[in-house]
Protein chains: 2
Amino acid sequence: MENSRPFTDALGRLRSAGLRPTRQRLALAKLLFDGENRHVTAESLHREALKARVRVSLATVYNTLHQFTDAGLMREIVVDAGGSYFDTNISDHHHFYFEDTRRLEDIAEEEIRVAKLPAPPADAEVSRVDVIVRLQAKK
Amino acid sequence: MENSRPFTDALGRLRSAGLRPTRQRLALAKLLFDGENRHVTAESLHREALKARVRVSLATVYNTLHQFTDAGLMREIVVDAGGSYFDTNISDHHHFYFEDTRRLEDIAEEEIRVAKLPAPPADAEVSRVDVIVRLQAKK
DNA sequence: GTGTTTGCAAAGTGTTTGCAATTTA
DNA sequence: TAAATTGCAAACACTTTGCAAACAC
């Protein structure tokens with residue numbers, strides 16, 4: 001019974017991903033997964049960690065974000081040159097991108113309907129469909 | 001009458017964009033706009049130019065692609081970290097992205113229907129909707 | 001001629017990597 | 001104590017920029 005919410009805590013997440021729960025990974029996982037879904041960059045997460053008195057290098061933040069992504073705990077999103085975003089929301093969904101502020105915001109799956117996808121070539125399969133609604137501030 | 005196809009040639013395109021028709025810009029415009037729509041990177045266009053005996057530096061290719069994009073002759077597309085693509089097709093349309101080969105392919109507007117877009121915040125307006133269908137080779 | 005454009009090399013940005021020291025199991 | 005992880009600094013890939021020389025009008 002105690003285990004009915006499998007990814008309830010940072011430790012459980014790391015364990016299930018086969019990643020050793022080091023101090024750095026635990027701290028980052030707590031920052032990332034403790035509340036609502038987040039969109040972070042390596043830089044922004046690193047800043048946040050330092051602010052929370054977590055000693056971790058930027059290189060380790062990069063490595064950790066990739067390990068989390070490879071483990072399926074996060075998803076990488078590229079919407080403009082110069083910087084990847086990492087999203088803690090791994091369910092199917094889409095994004096608003098505020099071009100002025102470079103901020104990403106989720107759009108729930110049900111809020112967009114992509115109808116009539118053309119068939120991919122026979123030797124390829126769809127790995128993901130990304131819809132990015134780019135927004136500009138009204139003049 | 002002679003002017004009924006405004007962008008028929010490289011020279012006309014540059015003129016209408018207010019860009020001086022220098023040797024480099026003319027040559028790049030010819031490579032880009034002479035046949036079908038193209039997806040290029042700065043690197044790929046630079047290689048192509050050298051192969052065609054057009055002497056032009058990589059920096060100028062970058063500058064030119066941005067000038068063409070700013071002038072509305074092309075469109076920039078970012079689908080993965082490390083590299084922008086530039087698309088000569090500036091009409092509304094979408095893309096297949098072959099993750100294995102890093103190749104982009106157009107999907108015509110009519111081939112996808114995005115229904116039920118959520119309303120953007122009141123102070124923002126949609127500048128563009130990008131649909132990227134990511135493909136992987138079947139195992 | 002005057003202002004624009006080019007090419008080069010240097011600088012910049014975001015990211016990855018090699019390796020010794022540290023930490024985890 | 002053996003294997004994994006970290007942090008640092010160096011290396012990297014891609015892109016932009018400063019500036020003198022070349023070019024377009």
Side-chain angles (χ1 to χ4, degrees), chain A residues 10-31 39-50 52-71 73-86 102 104, chain B residues 10-31 39-50 52-71 73-86 102 104:
Chain A
L11 190 60
R13 265 170 213 268
L14 294 183
R15 289 238 166 87
S16 78
L19 296 169
R20 282 192 183 177
T22 63
R23 178 176 59 74
Q24 291 85 338
R25 292 210 274 234
L26 266 171
L28 295 177
K30 272 181 189 142
L31 290 174
H39 301 104
V40 300
T41 62
E43 272 294 352
S44 79
L45 181 59
H46 186 231
R47 265 198 311 276
E48 191 183 345
L50 296 186
R53 302 260 178 323
V54 175
R55 298 202 305 71
V56 59
S57 72
L58 181 57
T60 295
V61 172
Y62 273 107
N63 291 335
T64 302
L65 285 171
H66 283 136
Q67 291 154 358
F68 287 1
T69 300
D70 292 346
L73 303 178
M74 304 188 77
R75 173 194 268 213
E76 186 173 0
I77 303 173
V78 181
V79 286
D80 71 2
S84 287
Y85 292 79
F86 294 85
R102 311 191 143 203
L104 272 179
Chain B
L11 189 59
R13 264 170 213 268
L14 293 182
R15 288 237 167 86
S16 78
L19 296 169
R20 282 193 183 177
T22 63
R23 178 176 59 74
Q24 291 84 341
R25 293 211 271 234
L26 266 171
L28 295 177
K30 273 179 188 144
L31 290 174
H39 302 104
V40 300
T41 63
E43 272 293 353
S44 78
L45 181 59
H46 186 231
R47 265 199 311 276
E48 192 183 344
L50 296 186
R53 300 262 178 324
V54 175
R55 297 201 305 68
V56 61
S57 73
L58 181 57
T60 295
V61 173
Y62 272 107
N63 291 336
T64 302
L65 286 171
H66 283 135
Q67 290 154 359
F68 286 2
T69 301
D70 292 346
L73 304 178
M74 304 188 76
R75 174 194 268 214
E76 186 173 359
I77 303 172
V78 182
V79 287
D80 70 3
S84 286
Y85 292 80
F86 294 85
R102 312 191 142 203
L104 271 179

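Only this structure's heavy atoms are used, side chains among them; waters, hydrogens and symmetry mates stay out. In the text below, chain A, chain B and the rest are named by the order of the sequence lines, each starting its count at 1. Note that the coordinates shown come from a computational prediction; the quantities given were computed from them, not determined experimentally.
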Are side-chain heavy atoms of [X] and [Y] found at a separation under 4.5 Å?
X: A:Phe68; Y: A:Leu14; answer: yes
X: B:Val40; Y: B:Leu65; answer: yes
X: A:Val56; Y: A:His46; answer: yes

Nearest heavy atoms of [X] and [Y], plus distance in Å:
X: B:Glu48; Y: B:Leu31; result: OE2-CD2, 3.9 Å
X: B:Gly82; Y: B:Arg102; result: O-NH1, 4.4 Å
X: A:Arg55; Y: A:Gln24; result: O-CG, 4.0 Å

Taken to the nearest whole Å, CG/B:Leu19 to C1'/D:dA24 is 13 Å

When the distance from CZ of A:Phe68 to P of D:dT5 is rounded to whole Å, what number comes out?
-> 11 Å

Nucleotide by nucleotide, 5' to 3', does protein get under 4.0 Å of the base (B), only the sugar-phosphate (S), or neither (-) in nucleotides 15-25 of chain C, counting heavy atoms?
-> BBB------BS

Counting only heavy atoms not in A:Arg23, do more than 12 fall under 6.0 Å of its CZ?
-> yes

Annotated structure of DNA chain D as dot-bracket, pair cut-off 3.5 Å, Watson-Crick or G-U only, | for inter-strand, is |||||||||||||||||||||||||

What about the rings of B:His66 and B:Phe86, do their centers lie closer together than 6.0 Å?
-> yes

